[in-house]
Protein chains: 2
Amino acid sequence: MPHLLLKDLPRYECLLEAAKQFPNLDPSACEVFLNLLRTGDEAFRVTDEHFQHNGLSQGRFTVLMLLFDKACGQSHSCTPAALAERSGVTRATMTGLIDTLERDAMVVRKPDPADRRMLSVELTPRALTFLASILPEHFRRINDLMSPLSETERRTLVRLLGKIAVRASEAFPATNTLVHA
Amino acid sequence: MPHLLLKDLPRYECLLEAAKQFPNLDPSACEVFLNLLRTGDEAFRVTDEHFQHNGLSQGRFTVLMLLFDKACGQSHSCTPAALAERSGVTRATMTGLIDTLERDAMVVRKPDPADRRMLSVELTPRALTFLASILPEHFRRINDLMSPLSETERRTLVRLLGKIAVRASEAFPATNTLVHA
DNA sequence: GTGAAGTGATTAGGGTGCTAATTATCAGCC
DNA sequence: GGCTGATAATTAGCACCCTAATCACTTCAC
């Protein structure tokens with residue numbers, strides 16, 4: 001489920017042409033922007049295809065990985081609210097994700113003995129086996145995708161992407177952040 | 001509607017730690033991958049927020065821009081199938097997008113006189129006015145987002161992203177491409 | 001205690017994407 | 001002419017994401 005985008009990016013000459021009509025249009029900025037969205041979508045597609053073959057979605061995978069981290073670490077409990085907060089979706093969306101994961105016997109909801117409003121979500125043994133079976137191919141795909149880049153190029157790319165990400169969060173702060181108090 | 005992702009990327013030390021458990025995990029490749037998806041999502045969000053304030057979505061915007069190009073260029077006709085092909089969605093999805101755009105008086109469906117299976121989709125005058133009113137802010141946001149990057153850095157970023165995109169299409173060709181004979 | 005406010009999870013309803021199946025039309029071959 | 005297969009668009013049904021409203025429970029003030 002990639003973001004809908006132009007399949008073929010406009011050529012640079014077309015951007016220059018369009019700039020005549022729109023004085024605000026900076027061709028080099030647009031070119032970076034379009035390439036960033038396109039390549040991000042392609043990277044997403046590479047792993048998402050693998051997920052789909054195994055009945056997963058990016059959302060389901062993210063939830064499983066968050067729970068997997070918990071299971072390997074110290075804390076064994078995770079509430080739907082915490083999962084939603086850490087994966088960047090609303091609680092309502094998390095309810096739906098947990099619904100389908102529970103239906104597929106990947107997670108279980110357990111009531112919190114201390115506070116009856118809360119639940120604890122845990123991975124099933126089936127989920128652990130499942131993750132162990134798909135993660136090697138997942139990492140293989142990422143390595144393959146990045147194989148054209150040298151270590152130096154990787155550092156450069158992370159640095160330049162970071163500049164954009166910082167600018168995005170400063171000039172256009174996310175609005176869906178729940179304000180606590 | 002960003003791709004669901006970790007809100008906070010794992011630190012590099014965590015990737016190193018995880019690599020002990022999964023021999024296939026290349027920390028630098030994962031780091032680039034995660035930053036690419038995260039930054040791509042942030043960039044998407046910056047423009048999508050603006051769209052949402054004006055009752056648009058990325059998909060609706062892409063369709064309008066494709067039709068706008070047509071309207072400015074020579075050919076004035078565009079079938080749903082052609083729009084779907086060029087924007088990378090299925091025809092069924094395009095039917096839905098055109099449905100809502102037509103409901104909002106942004107486009108009109110016109111029957112093809114030669115082939116009664118086909119339709120031609122055209123922008124309304126209202127859509128042209130609307131696009132002229134939102135595009136300046138759209139480009140302003142893109143320029144602002146890319147303002148931390150020098151021209152040299154922009155060229156570097158486009159080149160590195162291109163390497164990944166090429167690798168993605170070679171090693172993991174898209175499957176939803178409709179094969180025409 | 002008891003009522004008010006706050007918090008956790010869910011439900012209701014909408015938008016957008018997908019695949020698969022359907023309907024209408026065209027084109028070719030007997 | 002009429003059957004067969006291809007093609008255009010749509011519909012049906014599912015998943016996932018959102019916002020807003022709702023329900024259950026806790027906590028705090030009085």
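None of these values were measured; they are calculated from a predicted model. Residue numbers start from 1 in every chain, and the chains themselves are labelled A, B, ... in the order their sequence lines are given, proteins ahead of strands.
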B:I98 CD1 to C:dG17 C1': how many Å, rounded? 15 Å

Pick the closest DNA chain C nucleotide for A:M118 and for A:G96 by heavy atoms, then say which residue is nearer the 5' end. A:M118

Less than 4.5 Å apart, side chain to side chain, heavy atoms only: is that true for B:S147 and B:D144? yes

Any salt bridge between A:E31 and B:R155, counting N to O under 4.0 Å? no

Round to a whole Å and report the spacing from CZ of B:R45 to P of D:dC18. 13 Å

I want to check something: taking the side chain as every heavy atom from C-beta on, are B:D99 and B:R109 in contact at a cut-off of under 4.5 Å? yes

Please state how far atom NE2 in A:H53 lies from atom P in C:dT19, giving the value in whole angstrom units. 11 Å

As a test of reading the structure: which of C:dA9, C:dT11, C:dT19 is closest to the side chain of B:A92, going by heavy atoms? C:dT19

In plain terms, say whether B:K110 and B:E122 are close enough for a salt bridge, that is, a side-chain N and a carboxylate O under 4.0 Å apart. yes

When the distance from CG of B:L83 to P of C:dG17 is rounded to whole Å, what number comes out? 13 Å

5′-ward residue of the pair B:P80/A:L56 relative to DNA chain D: B:P80

If you measure from the Lys or Arg side-chain nitrogens to the Asp or Glu carboxylate oxygens, is any gap between A:K163 and B:E153 under 4.0 Å? yes

Go through the steps for B:D112 and B:R117 under the test salt bridge (Lys or Arg N to Asp or Glu O under 4.0 Å), then give the verdict. CA-CA 8 Å; B:D112 185 308; B:R117 290 172 304 182; over 6 Å; no

Which nucleotide in the list D:dT10, D:dC16, C:dA9 gets nearest to the side chain of A:R60? D:dC16

How about A:F139 and B:D26: do any of their side-chain heavy atoms sit closer than 4.5 Å? no

Sort out for me which residue in A:H53, A:R45, A:Q52 forms a side-chain hydrogen bond (donor to acceptor under 3.5 Å, both in side chains) with A:E49. A:R45

Once the angle between the rings of A:H138 and A:H50 is folded into 0 to 90°, is it parallel (under 30°), tilted (30 to 60°) or perpendicular (over 60°)? parallel

May I ask you to verify if any side-chain N or O of B:T90 is less than 4.0 angstrom from the OP1 or OP2 atom of C:dC18? yes

B:Q58 has an atom CD; how far is it from atom P of D:dC18, in whole Å? 17 Å

Rounded to whole angstrom units, what separation is found between the NZ atom of B:K110 and the C1' atom of D:dA9? 19 Å

How close or far is atom P of C:dT10 from atom CG of A:D99, stated in whole angstroms? 7 Å

Atom pairs under 3.5 Å: protein N/O with N/O of nucleotides 25-29 of chain D:
unit_1: D:dT26; atom_1: OP1; unit_2: A:R116; atom_2: N; d: 3.3

Do the side chains of B:V166 and A:P148 get nearer than 4.5 Å, heavy atoms only? no

Measure the angle between the two terminal helix axes of the helix from C:dG1-D:dC30 to C:dC30-D:dG1, five base pairs each, and quote it to 10°. 20°

Starting at atom CD of A:E85, determine the distance to atom C1' of C:dG8, rounded to an integer number of angstrom. 14 Å

With sugar-phosphate meaning primed atoms plus P, OP1 and OP2, does A:T95 contact a base, only sugar-phosphate, or nothing at under 4.0 Å between heavy atoms? base

Phosphate OP1/OP2 of D:dC16: any A:S57 side-chain N/O under 4.0 Å: yes

Look at the side-chain N and O atoms of B:R109 and state whether any lies under 4.0 Å from the OP1 or OP2 oxygen of D:dT10. yes

Can you figure out which of D:dC17, C:dT16, C:dT10 approaches the side chain of A:R91 most closely? C:dT10

